[in-house]
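Here is the naming used below: chain letters follow the sequence lines, and residue numbers restart at 1 for every chain.
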There are 2 protein chains.
Amino acid sequence: MPRSSPPVAPDLMATLAQFCRTYQQDFLAAAQSLDLTGSHASLLCLLAEPRAMRELAESLSCDASNITLIIDRLEQRGLVERHIDPADRRVKKVVATAEGAAIAAQVHARMRGIHAALDSLTPARRRSLRDILHQLGSHPAPGTDPA
Amino acid sequence: MPRSSPPVAPDLMATLAQFCRTYQQDFLAAAQSLDLTGSHASLLCLLAEPRAMRELAESLSCDASNITLIIDRLEQRGLVERHIDPADRRVKKVVATAEGAAIAAQVHARMRGIHAALDSLTPARRRSLRDILHQLGSHPAPGTDPA
DNA sequence: TATTGTTATACTCTATAACTATA
DNA sequence: TATAGTTATAGAGTATAACAATA
């Protein structure tokens with residue numbers, strides 16, 4: 001097996017993959033404990049700020065028609081509301097209600113596995129992780145290129 | 001809003017959530033570029049070593065009957081094979097074929113967004129990230145407790 | 001004309017339950 | 001009897017296409 005890449009890259013990718021898998025498992029378990037599907041919880045957790053339906057579809061990598069149905073249910077449950085954007089009346093901004101925001105916070109709070117893992121780090125390493133992830137986050141997202 | 005938690009925790013959780021979302025988007029795009037659904041690609045990428053069907057169901061947080069169908073398709077496509085475990089003839093170990101392993105590697109290789117982000121880090125920070133994630137990974141997984 | 005969001009439809013995915021084989 | 005995997009079925013989720021409203 002030839003190895004022309006820098007030595008850290010393959011190992012890092014594998015470790016990253018495993019971590020994200022663990023994160024997903026923990027997230028799903030937390031969502032289900034709150035009577036939410038993974039999609040519903042993902043959507044709710046995106047609403048720290050109001051977002052247009054189309055934005056949400058892109059973030060979840062799914063069709064816009066799908067978002068309509070998910071938001072329908074979350075709205076029936078009183079967790080989100082639709083507000084027409086005055087700046088462009090075609091757009092509907094989805095905002096979390098107080099209860100919706102509380103449940104979104106609960107999803108993250110109930111991710112016991114992740115919290116336990118993070119608690120095992122020294123404070124310095126936690127800060128280091130946060131800084132590195134923050135830098136990674138401030139990069140052009142894959143699918144969201146504004147042509 | 002009261003804040004009794006350590007200051008780094010909420011910020012870290014939010015950053016972590018966003019990173020894992022970006023990872024998922026990039027992973028899905030890479031999978032689709034190889035004519036794989038997200039589930040099929042996830043399963044294929046779990047087969048660095050042979051695994052029993054039941055293990056795979058747990059890793060993907062889905063029912064075992066579902067794994068049967070996914071493996072059926074991957075097998076028809078020549079990407080995996082089922083081998084009865086001699087130690088327990090009820091168990092079927094799923095192993096990736098050479099082509100399956102190559103495609104699994106391709107999935108990771110095609111995650112352009114993640115690679116670009118990682119490339120933006122200094123080598124020292126990449127090593128730091130790898131070490132931290134490695135430590136996080138060596139912790140009791142949430143759903144996999146051997147009661 | 002292009003875009004946002006919705007509706008109707010068909011297709012796929014996923015879980016539930018019953019079954020076979022092995023332990 | 002308990003467990004691993006499969007099969008058949010029903011329910012939920014997802015995408016496609018046509019539509020209404022706004023730009």
Side chain to side chain donor-acceptor pair (under 3.5 Å) filter on A:Gln135, not counting sequence neighbours, yields B:Arg125
Need the bend value for the helix from C:dT1-D:dA23 to C:dA23-D:dT1: angle between end axes, 5 pairs each end, nearest 10°. 10°
Please say yes or no: joined through hydrophobic side-chain contacts below 4.5 Å, possibly via intermediate residues, are B:Ile71 and B:Val91 part of one cluster? no
Taking a hydrophobic cluster as the set of Ile, Leu, Val, Met, Phe, Trp and Tyr residues connected by side-chain heavy atoms closer than 4.5 Å, whether directly or through intermediates, do B:Leu43 and A:Leu28 fall within one such cluster? no
Can you pull out the residues from residues 85-93 of chain B that lie within a 4.0 Å heavy-atom distance of DNA chain D? B:Arg90, B:Val91, B:Lys92
By a strict heavy-atom criterion of less than 4.0 Å, which residues belonging to residues 32-45 of chain A are in contact with DNA chain D? A:Thr37, A:Ser39
Set of residues satisfying salt bridge (charged side-chain N to carboxylate O under 4.0 Å, His left out) with respect to A:Glu81, sequence neighbours excluded: none
Using 30° and 60° as the class limits, which term best fits the ring planes of B:Phe19 and B:Tyr23: parallel, tilted or perpendicular? tilted
So, with a heavy-atom separation below 4.0 Å from DNA chain C, the residues of residues 62-75 of chain B are B:Cys62, B:Asp63, B:Ser65, B:Asn66, B:Leu69, B:Arg73
Under 6.0 Å from the NE2 atom of A:His134, do we count more than 12 heavy atoms belonging to anything else shown? no
Is there a side-chain contact between B:Gln24 and A:Ser61 (heavy atoms, below 4.5 Å)? no
Note: chain A reaches DNA chain D at heavy-atom distances under 4.0 Å over the stretch, first to last nt, 5' to 3', of D:dG13 to D:dA23
It should be established whether A:Arg82 places a side-chain nitrogen or oxygen under 4.0 Å from OP1 or OP2 of nucleotide C:dT6. yes
Give every residue pair that meets the salt bridge (Lys or Arg N to Asp or Glu O under 4.0 Å) criterion with at least one member in residues 67-78 of chain A, sequence neighbours excluded. A:Asp72-A:Arg82, A:Glu75-A:Arg82
Taking only residues two or more places apart in sequence or in another chain, which ones pass side-chain contact (heavy atoms from CB on, under 4.5 Å) with B:Ala14? none
Residues which pass side-chain contact (heavy atoms from CB on, under 4.5 Å) with A:Gln18, listed by chain and number, not counting sequence neighbours: A:Arg21, A:Thr22
Taking it one step at a time, do A:Met13 and B:Leu118 satisfy side-chain contact (heavy atoms from CB on, under 4.5 Å)? CA-CA 9 Å; A:Met13 281 301 286; B:Leu118 292 176; 4.0 Å; yes
Sorted by chain and residue number, the side-chain contact (heavy atoms from CB on, under 4.5 Å) partners of A:Ser33 (sequence neighbours excluded) come out as A:Arg110
Any chance you could measure B:Ile132, atom CD1, to A:Arg130, atom CZ, to the nearest 0.5 Å? 12.0 Å
Please say yes or no: joined through hydrophobic side-chain contacts below 4.5 Å, possibly via intermediate residues, are A:Ile114 and A:Leu34 part of one cluster? yes
Whole-Å distance between C:dA21 C1' and B:Met53 CE? 15 Å
Please list, chain by chain and in numerical order, all residues satisfying side-chain contact (heavy atoms from CB on, under 4.5 Å) with A:Ala87, sequence neighbours excluded. A:Asp85
